[in-house]
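Heads up, the thing below is written out as structure tokens.
On a predicted model such as this, the values are computed, not experimentally measured, just so you know.
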Amino acid sequence: TGVAGSTLPANLKLLWTYDAGEPIESSAAIVDGTVYVGSQASELLAIQLSDGKLKWKYKAKDGGIGESSPAVAQGLVIIGDLAGTVHAVNAATGKAVWTFEAQNEIKASPVIVGDRVIIGSYDGSLHGLALKTGKPLWQVKTN
């Protein structure tokens with residue numbers, strides 16, 4: 001049966017693995033041949049999809065990256081960490097572009113809509129941030 005225009009082989013085989021050193025609790029984002037995923041070692045990893053080789057590693061704040069899955073758009077990878085920080089990282093180099101400090105841990109996955117990042121935090125708020133700068137644009141208190 002075709003999946004998105006491709007056919008799965010009759011017998012699947014493991015192509016590669018990558019040992020992150022600590023658990024991975026979120027889903028990966030796969031964009032342009034790169035796998036982006038966060039780990040409990042407080043690292044955002046960029047791994048080549050073709051062979052599992054590490055392209056770069058970005059160190060977030062201590063405390064780990066939990067269930068927040070990365071979002072990728074316009075050359076940036078956005079992820080939240082359990083220390084309450086949203087990170088924007090250059091997708092090609094792994095260098096920090098900006099950070100935003102929420103008041104509590106972030107387990108939610110960011111959503112990118114146009115030039116905005118929307119992300120929830122255990123500070124009881126949904127935050128709207130500018131994608132390119134991380135500048136807070138709005139905040140909505142939730143329960």
Side-chain angles (χ1 to χ4, degrees), residues 1-8 12-143:
T1 306
V3 176
S6 65
T7 303
L8 292 175
L12 298 179
K13 66 177 184 172
L14 181 65
L15 297 179
W16 56 263
T17 62
Y18 181 86
D19 184 355
E22 292 286 337
I24 293 173
E25 297 181 353
S26 67
S27 299
I30 301 173
V31 177
D32 296 331
T34 302
V35 178
Y36 301 98
V37 69
S39 78
Q40 280 290 322
S42 298
E43 294 172 337
L44 174 62
L45 308 168
I47 302 164
Q48 291 180 167
L49 179 61
S50 60
D51 59 11
K53 301 284 187 229
L54 182 69
K55 293 175 77 169
W56 53 254
K57 185 185 298 187
Y58 169 82
K59 181 72 171 171
K61 288 191 171 180
D62 286 337
I65 296 173
E67 294 89 347
S68 184
S69 298
V72 184
Q74 299 180 37
L76 296 175
V77 184
I78 312 295
I79 197 163
D81 69 25
L82 296 176
T85 303
V86 180
H87 302 265
V89 179
N90 183 296
T93 66
K95 303 293 183 203
V97 175
W98 56 259
T99 59
F100 169 79
E101 301 292 331
Q103 300 302 307
N104 208 327
E105 66 186 10
I106 298 172
K107 293 185 177 181
S109 299
V111 175
I112 299 172
V113 180
D115 62 352
R116 306 283 197 251
V117 176
I118 302 167
I119 192 163
S121 168
Y122 272 61
D123 65 5
S125 294
L126 187 63
H127 299 275
L129 311 172
L131 176 61
K132 293 295 184 184
T133 65
K135 176 184 174 191
L137 301 172
W138 51 261
Q139 178 178 349
V140 176
K141 282 292 195 186
T142 63
N143 291 329

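A distance of 12.0 Å separates OG1 in Thr34 from CG in Leu45, rounded to the nearest 0.5 Å. Separating the CG atom in Leu76 from the CG atom in Asn90 is a distance of 7.0 Å, to the nearest 0.5 Å. Here the OH-NZ distance, from Tyr36 to Lys55, works out to 5.5 Å after rounding to the nearest 0.5 Å. To the nearest 0.5 angstrom, Leu15 atom CG is 9.0 Å from Leu49 atom CG. Between the NE2 atom in His87 and the CH2 atom in Trp98 there is a gap of 9.5 Å [rounded to 0.5 Å]. Between the CD1 atom in Ile65 and the CD atom in Glu25 there is a gap of 11.0 Å [rounded to 0.5 Å].
Atom NZ of Lys141 sits in a crowded spot, with more than 12 heavy atoms from other residues, nucleotides or ligands closer than 6.0 Å. Enclosure of atom OH in Tyr122 is not indicated, since only 12 or fewer non-hydrogen atoms of other residues, nucleotides or ligands lie within 6.0 angstrom. When the shell of 6.0 Å around CG of Asp32 is examined, it contains 12 or fewer heavy atoms from other residues, nucleotides or ligands. Within 6.0 Å of the NZ atom in Lys132, the count of heavy atoms belonging to other residues, nucleotides or ligands exceeds 12.
Taking all atoms of both residues into account, the shortest heavy-atom contact from Ala71 to Pro110 is CB-O, 3.6 Å. The two residues Gly80 and Ile106 come nearest to each other via the heavy atoms CA-CG2, 3.8 Å. Residue Ala20 comes nearest to Glu43 through the heavy atom pair O-OE1, 4.3 Å, listed as atom of the first residue, atom of the second, then distance. Minimum heavy-atom separation, Pro70 to Ser27: CD-O, 3.4 Å.
Ser42 places a side-chain N or O within donor-acceptor distance of the main-chain N or O of Gly63, the cut-off being under 3.5 Å. Panel note: side chain Ser68, backbone Ala108; a donor-acceptor pair is recorded below 3.5 Å. Checked by atom type and distance alone, the side chain of Trp56 never pairs as donor or acceptor with a backbone atom of Leu44 at under 3.5 Å. Judged purely by atom type and a 3.5 angstrom limit, Lys59 uses its side chain to pair as donor or acceptor with the backbone of Ala41.
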Worksheet item: Going through the distances and angles, do Ile47 and Trp16 end up as a side chain to side chain contact (heavy atoms under 4.5 Å, CB included)?
Response: CA-CA 11 Å; Ile47 302 164; Trp16 56 263; 3.8 Å; yes
Practice prompt. Apply side chain to side chain contact (heavy atoms under 4.5 Å, CB included) to Gln40 and Leu82, showing your working.
Written response: CA-CA 9 Å; Gln40 280 290 322; Leu82 296 176; 3.8 Å; yes
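Each of Leu137, Val86, Ile112 was compared with Leu129 under the side-chain contact (heavy atoms from CB on, under 4.5 Å) criterion, and only Val86 meets it.
Ile118 places a side-chain heavy atom less than 4.5 Å from the side chain of Trp138. The side-chain heavy atoms of Val89 and Ile79, taken from C-beta on, include no pair separated by under 4.5 Å.
Side-chain contact, Ser39 with Glu22: no donor N or O sits under 3.5 Å from an acceptor N or O. Counting only N and O atoms by type, the side chains of Thr85 and Glu101 include a donor and acceptor under 3.5 Å apart.
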